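So the structure is just underneath, and the comments pick up after that.
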Amino acid sequence: MITAVLPTYARIDLEFERGEGCWLVTTDGRRFLDFTGGIAVNVLGHAHPYLAEKLAEQAQKLWHTSNIFRIPGGEKLADRLKAATFADTMFFTNSGAEALECAIKMARKYQYASGHPEKNHIITFEGAFHGRTLATIAAGGNAKYLEGFGPQMPGFVQVPFGDLDAVKAALTPETGAILVEPVQGEGGVRVPPAGFLKGLRALCDEKGLLLVLDEVQSGVGRTGKLFAHEWAGITPDIMAVAKGIGGGFPMGACLATEEAAKGMTLGTHGSTYGGNPLAMAVGNAVLDVVLAEGFLDHVNAMSNRLVQRLAELKDRHPSVIAEVRGQGLLVGLKANVPAGDLILAMREEGLLAPGASDNVVRLLPPLNVSEDEVGLAVDKIEAACKRIEDGLGASPVKGAAE
Ligand SMILES: *Cc1c(COP(=O)(O)O)cnc(C)c1O
């Protein structure tokens with residue numbers, strides 16, 4: 001018999017009662033170190049006191065009105081994100097896929113408004129992930145996610161990730177934009193070769209195309225800059241953001257330059273919940289912390305520490321760990337054993353982490369993770385490596401006693 005919750009996920013049999021920073025506590029009192037971070041969402045960990053306070057404060061006053069009225073928290077958040085980024089304007093959403101939907105509509109509408117309605121094709125990349133709506137599965141191009149959901153939305157052309165020549169070869173008179181993750185997350189924490197994003201930017205400028213970045217996973221401090229494209233020294237025309245921007249509250253945003261947004265006039269887009277007062281209160285609170293002096297320095301320091309210690313682990317356990325990669329605290333361990341085995345062994349040691357394509361285990365700690373927690377996580381990964389090497393395999397998931 002079908003489960004009451006649609007069975008689209010292979011859920012791990014753990015039930016959590018509460019979280020505290022980097023830790024999750026199960027209903028039966030076991031504590032796990034959480035490097036899942038809600039899949040790069042919980043940038044400030046669980047139950048961050050300041051976020052909880054700001055959410056509760058807003059909850060006492062006003063949850064939802066409608067976008068037919070002004071929303072002061074949204075205007076404030078937009079002004080702050082505008083000041084901190086390339087953007088002149090933005091649309092708030094509830095999720096990453098919706099931010100991408102807005103970005104795709106905006107890119108098409110820009111070319112239409114520029115007198116090029118034929119330029120409605122967008123170049124995307126193999127291994128990409130942009131969400132699970134009809135448009136975003138077409139953009140992502142993953143056959144597994146597309147199968148059976150036809151007709152596939154037209155207008156997306158895929159080329160190998162990191163291959164500038166392949167992008168050039170794929171250009172046609174119909175090309176209107178290029179959509180790319182600065183670091184592929186779900187695709188296996190794949191960092192493109194140096195110069196790739198700069199090359200895309202130059203190509204877009206030369207050909208009148210829009211550069212659309214999907215920073216849903218890489219944004220909001222995750223890579224050690226507020227947004228990952230800052231490392232490449234470029235700015236996009238349009239950028240989709242979500243996950244970390246709400247610190248666990250469902251929200252997203254589509255940011256754009258004034259020029260790129262020129263077609264998005266009155267009545268061209270909308271959302272019932274997008275930018276509602278609760279989300280905006282939390283979004284502003286997340287920014288208060290992430291933009292504070294020294295916060296990103298901490299992310300980079302923790303990243304250096306984690307990556308250095310993982311590199312040592314790789315040298316000690318080459319039969320388990322093939323490669324350490326990523327940027328900031330978006331870290332991937334490419335495994336030499338099935339990544340699922342390593343994830344399970346880590347869980348047996350009390351450390352939670354998600355997988356990704358390309359046989360990768362992702363490490364996505366909260367950005368305010370402490371040096372001790374980083375050290376503890378690496379110790380647990382080492383214990384997991386030994387467990388695999390010893391062929392101990394599956395003992396019951398324990399987690400430390402509380
Ligand atoms: C998670 C993710 C999305 C989709 O976000 P949802 O909130 O699940 O719709 C899109 N792009 C990237 C890069 C992501 O990591």
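Atoms within a ligand are numbered from 1 in the order they appear, just like the ligands themselves. Fair warning: this is a prediction, and the values are worked out from it, not measured in the lab.
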Problem set entry | Protein residues having a heavy atom less than 4.0 Å from any atom of ligand 1 | S95, G96, A97, F129, H130, G131, E181, D214, V216, Q217, K243

Exercise. Mind checking what makes side chain to side chain donor-acceptor pair (under 3.5 Å) contact with E174, not counting sequence neighbours?
Worked result: none

For this session: Decide, yes or no, whether a salt bridge links R309 with D379 under the criterion of side-chain N to carboxylate O below 4.0 Å.
Result: yes

Problem set entry | Residues E186, R362: salt bridge by 4.0 Å N-O rule | yes

Exercise. How many angstroms lie between CG in L376 and CD in E349, if you round to the nearest 0.5 Å?
Worked result: 10.5 Å

For this session: Would you give the length of the straight line joining atom CG of N276 to atom CE of M251, rounded to the nearest 0.5 angstrom?
Result: 9.5 Å

Exercise. Between F32 and R347, is there a cation-pi geometry (under 6.0 Å to ring centre, at most 45° from the normal)?
Worked result: no

